[in-house]
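For reference, the structure discussed in these notes is given below.
The figures here come from the full heavy-atom set of this structure, side chains too, leaving out hydrogens, waters and symmetry mates. A quick note: this is a predicted structure, and the numbers were derived from the prediction, not measured. Proteins come first, then strands; the chains are lettered A, B, ... in the order of their sequence lines, and each starts at number 1.
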Protein chains: 2
Amino acid sequence: MHEKLKKLIRDVPNYPKKGVVFKDITTLIKNGSAFKEIIDILYDKCKDKKIDLVVAIESRGFILGGALALRLGVGIIPVRKKGKLPSYTVFEKYDLEYGTDSLEMHKDAIFKDQRILIVDDLLATGGTLKATARLVERLGGVVAGILVMIELLYLKGREKLLKYDFFSIMQYEKE
Amino acid sequence: MHEKLKKLIRDVPNYPKKGVVFKDITTLIKNGSAFKEIIDILYDKCKDKKIDLVVAIESRGFILGGALALRLGVGIIPVRKKGKLPSYTVFEKYDLEYGTDSLEMHKDAIFKDQRILIVDDLLATGGTLKATARLVERLGGVVAGILVMIELLYLKGREKLLKYDFFSIMQYEKE
């Protein structure tokens, strides 16, 4: 699926560490028609879901989230790494390979029962997306969908998101 | 100017440090019609400039840049803090209050003579925007315009950008 889009993604070997092949989306999103196609596909997946707000994850998720929020005609809420948001926040920890990190959202970002679309560039192990879904739910929001461009199937992140309506445009098996 | 939009921006006192009043745009961009109005205003300022690419600065700039690139029908290039881009980069240092930091762009992000629109959320001292303009120029691009939402007039960042076509939606004097 979407072989033309996949060809625009650059494989960067040994980044961020030896043995890992990084999927670099910068070569895709600098192509105006490919960027529009990505947003069109994501829009089609959520246009009937009565979305109230887009929640986008720092920082590549901001690029897609900004464009998709505009297309949907709704506002956008940033989820950021610890210490980056200026006002009162809620936070969720998630596991890294070694240790933990955490994500924050402003406490007053979401009203009760608002229908939230979560957007990021990539699903890997699912830690950040699951933490984000929890933040939305802790504030009383409803996770109406989770959309990403790329899914790394071999990391099985989708297993952490089984209760959500999840969609990825491009999937990769281990190379 | 734009008093209705200004009212949606939250003042956060003593962030990121004592004595500073931070202009928090998250309360504006979560309002769908205000977010659209911001993008409409920026679009009007650049729609006749024959823009080839949007260059957006990490990370709030990504939200505006993604939306504006979609609206213009062009691609988007991220400028990021050191070490965040996976492939070969060029970098520019800029001054902080104490010491320096640097911004990077992929070496192959821009072709010679492409017309580039630089987008960020805020102009403060102008260090990051000037460094970004230099990155564009070092790769052979033409800085066709620099657009931001907010300008802190008392920090005189515009003096660093005199040779560019600069526009801000909302301006603030020192409180």
Side-chain angles (χ1 to χ4, degrees), chain A residues 8 10-16 20-36 38-40 43 51-56 58-78 80-81 83-88 105-106 108-110 114, chain B residues 8 10-16 20-36 38-40 43 51-56 58-78 80-81 83-88 105-106 108-110 114:
Chain A
L8 291 172
R10 168 164 54 191
D11 283 346
V12 181
N14 301 312
Y15 183 90
V20 174
V21 178
F22 186 83
K23 296 291 174 192
D24 177 15
I25 65 163
T26 65
T27 40
L28 185 155
I29 62 175
K30 81 172 183 179
N31 179 314
S33 62
F35 181 57
K36 182 181 180 303
I38 290 288
I39 301 302
D40 283 346
Y43 175 75
I51 301 301
D52 292 310
L53 277 169
V54 167
V55 163
E58 181 171 16
S59 48
R60 283 182 294 265
F62 287 3
I63 295 175
L64 300 175
L68 192 56
L70 182 75
R71 185 73 191 278
L72 286 163
V74 303
I76 178 166
I77 302 286
R80 302 198 65 175
K81 303 281 165 61
K84 298 285 195 72
L85 287 170
S87 193
Y88 299 102
M105 189 186 289
H106 275 142
D108 57 0
I110 293 172
Q114 280 191 307
Chain B
L8 292 172
R10 166 164 54 191
D11 283 347
V12 182
N14 302 314
Y15 184 91
V20 173
V21 178
F22 186 82
K23 296 292 174 193
D24 177 15
I25 65 163
T26 65
T27 39
L28 186 154
I29 62 175
K30 82 171 180 179
N31 179 314
S33 62
F35 181 58
K36 182 181 180 303
I38 290 288
I39 302 302
D40 284 346
Y43 175 74
I51 301 300
D52 292 309
L53 278 169
V54 166
V55 163
E58 184 172 16
S59 53
R60 283 182 294 266
F62 286 4
I63 295 175
L64 300 176
L68 193 55
L70 183 75
R71 185 75 193 276
L72 284 164
V74 303
I76 179 166
I77 303 286
R80 301 199 64 176
K81 303 283 166 58
K84 299 284 196 73
L85 287 169
S87 192
Y88 300 102
M105 188 185 291
H106 275 142
D108 57 1
I110 293 173
Q114 278 189 309

(request) Answer yes or no: is there a side-chain heavy-atom contact under 4.5 Å between Arg60(A) and Lys84(B)? (result)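 A side-chain contact is absent here, since even the closest heavy-atom pair is not under 4.5 Å.
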
Contact origin within [X] toward chain B - heavy atom pairs under 4.5 Å:
X	result
Ala34(A)	neither
Ile77(A)	side chain
Val74(A)	backbone

Shorter than 4.5 Å, heavy atoms on both sides: which option in [options] has the most such pairs with chain A?
options	value
Gly66(B), Ser33(B), Ala56(B), Gly61(B)	Gly66(B)
Ile39(B), Asp108(B), Thr27(B)	Asp108(B)
Arg10(B), Arg80(B), Arg71(B)	Arg10(B)
Tyr15(B), Phe35(B), Phe22(B)	Tyr15(B)

(request) Mind listing the closest non-hydrogen atom pair of Thr26(B) and Pro78(A) along with its distance? (result)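 Nearest pair, atom of Thr26(B) first, then Pro78(A): CG2-CG, 3.7 Å.
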
(message) So which atom in Val12(A) and which in Pro86(B) form the shortest heavy-atom distance, rounded to 0.1 Å?
(response)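 Closest approach of Val12(A) to Pro86(B), heavy atoms only: CG1-O, 3.4 Å.
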
To the nearest 0.5 Å, what is the distance between [atom1] ([X]) and [atom2] ([Y])?
X	Y	atom1	atom2	answer
Tyr43(A)	Leu70(B)	OH	CG	11.5 Å
Leu53(B)	Asn31(A)	CG	CG	9.5 Å
Ile63(B)	Ser59(A)	CD1	OG	10.0 Å

(request) Mind ranking Leu28(A), Leu64(A), Leu68(A), Ile29(A) by heavy-atom pairs under 4.5 Å with chain B and telling me who comes out on top? (result)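 Looking at each option in turn, the highest pair count goes to Ile29(A).
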
